[in-house]
Amino acid sequence: MSNVLIAGAGPAGLTAAYELSKLGLNPTVLEADDQVGGLSRTVNYRGYRFDIGGHRFFSKVPLINQLWEEMLREDFLVRPRLSRIYYRQKYFDYPLKAANALAGLGPIEAMLIGLSYTKARMFPQADETNFEQWVVNRFGERLYEIFFKTYTEKVWGIPCNEISADWAAQRIKNLSLREAIKNALFGSGRAADGQVITTLIDQFNYPRFGPGQMWERCKDLLASRGHETVQGVKVERLRHRHGKVECMYGTSSNGETVELGADHFISTMPLRELILALDPPPPEKVLQAANYLRYRDYLTVVLMVKREEIFPDNWIYIHAPEVKMGRIQNYKNWSPVMVPDSSRTSLGLEYFLWEKDEEWEWSQDRLIKLGIEECTRIGLIEPSEVEDGTVVRMKKAYPVYDQHYTESVDIIRNYLETFANLQTVGRNGLHRYNNQDHSMLTAVYAARNIVGEKNDVWSVNTEMEYHEEVRQSSTKGDRLTPQRVAPPETAEKVIEAAFAKLDPLAMGVALGVVASLVLFWATTVLLLKGGPVVGPTLGLLDNFFLGYSVTWSGAFWGLAQAAFGGFALGFLFAWLRNWSLTAYAFLVQRSAEAKERGDLLDKV
Ligand SMILES: Cc1cc2nc3c(=O)[nH]c(=O)nc-3n(C[C@H](O)[C@H](O)[C@H](O)COP(=O)(O)OP(=O)(O)OC[C@H]3O[C@@H](n4cnc5c(N)ncnc54)[C@H](O)[C@@H]3O)c2cc1C
């Protein structure tokens with residue numbers, strides 16, 4: 001049985017171990033911290049539980065949903081989502097709702113937004129390489145300034161025009177025309193088999209005791225199968241020879257050196273750290289690429305407040321530039337058991353920083369003071385209501401997508417591919433802005449690669465489809481059971497038939513031939529029948545066909561004109577039908593794309 005060593009017990013590392021255990025291999029996980037879960041951990045402070053941010057569990061990858069269900073079962077709750085934006089002393093629903101935004105911004109601002117949106121759609125910027133251009137092209141300059149710029153810059157710490165448009169394109173896929181039309185024609189409310197289609201924007205899964213519960217459970221499941229997760233060991237060196245890693249070296253929390261060999265190695269360490277840990281070191285060019293990679297750091301100030309209810313949202317985006325915090329989480333609204341006493345509320349104030357920022361070095365007391373001041377300034381609490389507080393700092397929370405990162409990642413990737421038994425996966429492991437689901441999927445792929453599959457972990461979340469709809473079985477009301485939406489085949493057929501283009505030339509010829517033959521046949525039948533007055537009714541057609549009469553010469557004259565007129569009508573009908581269907585499809589796709597981008601801030 002092959003031994004596999006995994007660096008990191010976050011979602012990716014633990015998922016890799018879990019999958020390997022199913023495949024009959026022998027994984028061991030080494031974790032630097034004294035807690036598992038990585039960025040998806042839950043911290044427990046005097047009975048108050050909180051996340052690093054708020055971790056929604058949602059995925060369109062059935063395999064990942066199955067894994068979550070399998071691990072947590074009845075503790076995997078479905079929670080409603082409520083979130084708003086705080087801006088100019090007002091709260092705006094998020095995802096944005098037209099009436100609510102209009103009421104908050106006033107008619108003049110709304111008109112200016114409309115004008116700038118129209119301008120952006122009519123005259124989009126041709127160059128769309130940075131985030132600012134990407135958003136302005138889709139929302140207009142004014143909406144971008146009001147609802148996207150401040151928050152995005154708080155999170156990333158760099159101007160929006162220095163952020164690569166890659167992540168937006170990666171996390172917000174345009175729907176295919178086919179998908180959009182399907183939704184428009186067959187509705188996104190109820191599918192043909194009676195299942196309710198629900199959008200993951202409105203609700204999400206969440207472990208009863210926070211995201212860390214999932215990863216603690218995973219660790220326990222691994223232990224029950226005899227696989228160890230060693231906490232407090234930071235991997236610092238990977239010794240390799242002839243394209244194979246032989247050993248991982250680490251230091252335990254009590255200072256002892258740990259040396260472990262294995263047949264295969266999986267790393268979820270930040271890509272830069274992995275490269276710098278290789279022994280012997282890689283070529284200079286690879287080292288340089290690793291050193292170019294940047295990470296955004298994060299800290300959360302958690303305030304325990306003596307009040308039962310402060311606001312109903314799960315979280316609020318803080319766009320107000322006068323405060324440093326970017327978002328506030330209200331953990332009891334994620335799961336009621338996140339607080340030990342229901343008469344209390346815990347607020348998680350999120351600050352996005354660089355390690356070199358002075359605030360990063362501030363003492364816990366000073367940060368708590370800042371948090372209280374800022375919450376008071378925006379009118380959420382009174383300072384006297386705060387009875388306790390704590391701070392959690394998390395380095396390398398976000399792999400930065402600046403204008404140079406792709407080149408660096410490519411260089412590193414090419415180099416790492418020369419190793420026969422080393423794979424790097426996960427969020428920082430691939431320097432990819434992945435949520436848990438995609439981080440986990442890369443881990444599953446890596447595990448399966450060890451038993452002979454050939455999956456490309458780098459393609460996850462760049463080439464995969466990423467849709468936000470799931471089916472919820474109406475018989476399992478307490479559980480989100482997402483699967484890829486696979487509309488009934490009839491829907492596909494109806495769309496194909498309804499949207500098939502007509503050939504105007506063929507339609508014209510067909511109608512011309514039919515019209516001319518029918519008229520010629522009717523005229524000759526009447527002529528052959530004879531009588532005192534031949535074809536008085538048909539003769540009325542001379543109103544349409546100049547010089548037509550029910551005579552032998554009229555029959556040929558009518559044949560020619562009906563052929564021409566029928567051709568013109570058929571051609572025009574086909575052309576108009578094609579044009580209106582194209583216009584309809586365009587509008588449907590635009591509106592579907594707008595819906596898809598409706599939660600852009602969630603993805604920042
Ligand atoms: C503020 C915030 C909000 C988020 N919200 C969501 C959300 O709502 N939904 C969602 O699905 N995802 C969310 N995410 C993303 C999610 O946290 C990550 O996708 C996920 O945790 C990545 O898992 P990972 O195992 O790749 O990396 P990590 O979670 O970073 O875990 C890596 C682990 O490796 C350990 N490690 C690192 N170096 C070493 C070393 N040298 N030796 C040993 N161990 C090491 C670390 O200590 C850590 O435990 C959010 C992230 C942030 C920062």
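Not measured: the values here are computed from a predicted model. Each ligand, and each atom within it, is numbered from 1 in the order the structure gives.
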Checklist entry - Which of the atoms of ligand 1 are close to Leu30, meaning less than 4.0 Å from one of its heavy atoms? => result 43 (C), 44 (N)
Next on the checklist: Show me which atoms of ligand 1 lie under 4.0 Å from any heavy atom of Asn434.
Outcome noted: 15 (C), 18 (C), 19 (O)
Output side-chain donor-acceptor pairs under 3.5 Å for residues 265-283, partner residues at least two apart or in another chain, one line each.
from   : atom 1 : to     : atom 2 : distance (Å)
Ser267 : OG     : Met269 : N      : 3.1
Thr268 : OG1    : Ala7   : O      : 2.7
Arg272 : NH1    : Leu293 : O      : 2.7
Asp279 : OD2    : Arg237 : NH1    : 2.4

Next on the checklist: Suppose we measure from atom 6 (C) of ligand 1 to each protein heavy atom; which comes out shortest, and what is that distance?
Outcome noted: His55 CD2, 3.6 Å
Checklist entry - How far is atom 32 (C) of ligand 1 from its nearest protein heavy atom, and which residue and atom is that? => result Thr268 OG1, 4.0 Å
Item to check | Nearest neighbour in protein (non-hydrogen) for atom 35 (C) of ligand 1 | outcome: Glu31 OE1, 3.3 Å
Item to check | Pair Trp215 and Tyr18, ring centroids less than 6.0 Å apart | outcome: no
Checklist outcome for this item: In Tyr206, Phe57, Phe209, Phe58, the residue satisfying ring-ring contact (aromatic ring centres under 6.0 Å, His included) with Phe76 is Phe57
Checklist entry - Can you list the ligand 1 atoms lying under 4.0 Å from a non-hydrogen atom of Ala32? => result 43 (C), 44 (N), 45 (C)
Checklist entry - Counting each atom of ligand 1 from 1 as listed, which ones have a heavy atom of Gly426 under 4.0 Å away? => result 26 (O)
Item to check | Single hit among Asp357, Thr300, Val301, Asp297 for side-chain contact (heavy atoms from CB on, under 4.5 Å) with Tyr351 | outcome: Val301
Item to check | Geometric class of the Phe352/Tyr151 ring pair [parallel <30°, tilted 30-60°, perpendicular >60°] | outcome: perpendicular
Item to check | Per-atom contacts, ligand 1 versus Ile52 - under 4.0 Å to a heavy atom | outcome: 1 (C), 2 (C), 3 (C)
Checklist entry - So, do Phe419 and Tyr415 have ring centers that fall under 6.0 Å from each other? => result yes
Next on the checklist: Tell me the nearest of Thr442, Asn435, Thr251 to atom 10 (C) of ligand 1, using heavy-atom distances.
Outcome noted: Asn435
Checklist entry - Between Tyr433, Trp215, Tyr398, which one has a non-hydrogen atom sitting closest to atom 1 (C) of ligand 1? => result Tyr398
Item to check | Heavy-atom protein contact below 4.0 Å for atom 27 (O) of ligand 1 | outcome: no
Item to check | Heavy-atom nearest option to atom 23 (O) of ligand 1, drawn from Pro11, Gly10, Gly38, Gly37 | outcome: Pro11
Checklist entry - Under 6.0 Å between the ring centres of Tyr433 and Trp156? => result yes
Next on the checklist: Run the side-chain hydrogen bond (donor to acceptor under 3.5 Å, both in side chains) test on Tyr445 and Glu453 for me, step by step, so that the C-alpha distance in whole Å, both residues' side-chain angles and the decisive distance to 0.1 Å come before the verdict.
Outcome noted: CA-CA 8 Å; Tyr445 281 174; Glu453 285 191 14; over 6 Å; no
Item to check | Given Asn130, Ile158, Val400, the one that forms side-chain contact (heavy atoms from CB on, under 4.5 Å) with Ile163 | outcome: Ile158
Checklist outcome for this item: atom 15 (C) of ligand 1: closest protein heavy atom, distance to 0.1 Å, is Arg427 NH1, 3.4 Å
Checklist entry - Which ligand 1 atoms, with their elements, are less than 4.0 angstrom from a heavy-atom of Ala12? => result 24 (P), 25 (O), 26 (O)
Checklist entry - Out of Ser40, Ala397, Ser267, Gly13, whose heavy atom sits nearest atom 21 (O) of ligand 1? => result Ser40
Next on the checklist: Is it the case that over 12 heavy atoms from other parts of the model lie below 6.0 angstrom from the NZ atom of Lys395?
Outcome noted: no
Checklist entry - ligand 1 and Val235, any nitrogen or oxygen pair closer than 3.5 angstrom? => result yes
Next on the checklist: Can you pull out every side-chain hydrogen bond (donor to acceptor under 3.5 Å, both in side chains) where at least one residue sits in residues 251-265? Sequence neighbours excluded, please.
Outcome noted: Glu236-Thr251, Ser252-Asn254
Item to check | Aromatic ring pairing Phe204/Trp315, orientation class (parallel under 30°, perpendicular over 60°, tilted between) | outcome: tilted
Next on the checklist: Can you report which non-hydrogen protein atom sits closest to atom 37 (C) of ligand 1, along with the distance?
Outcome noted: Pro270 CD, 4.0 Å
Checklist entry - Does Arg41, backbone or side chain, put an N or O under 3.5 Å from an N or O of ligand 1? => result no
Checklist outcome for this item: Per-atom filter on ligand 1: closer than 4.0 angstrom to a heavy atom of Arg56 are 7 (C), 8 (O), 9 (N), 10 (C), 11 (O)
Checklist entry - In ligand 1, which numbered atoms sit nearer than 4.0 Å to a non-hydrogen atom of Gly8? => result 33 (C), 34 (O), 35 (C), 44 (N)
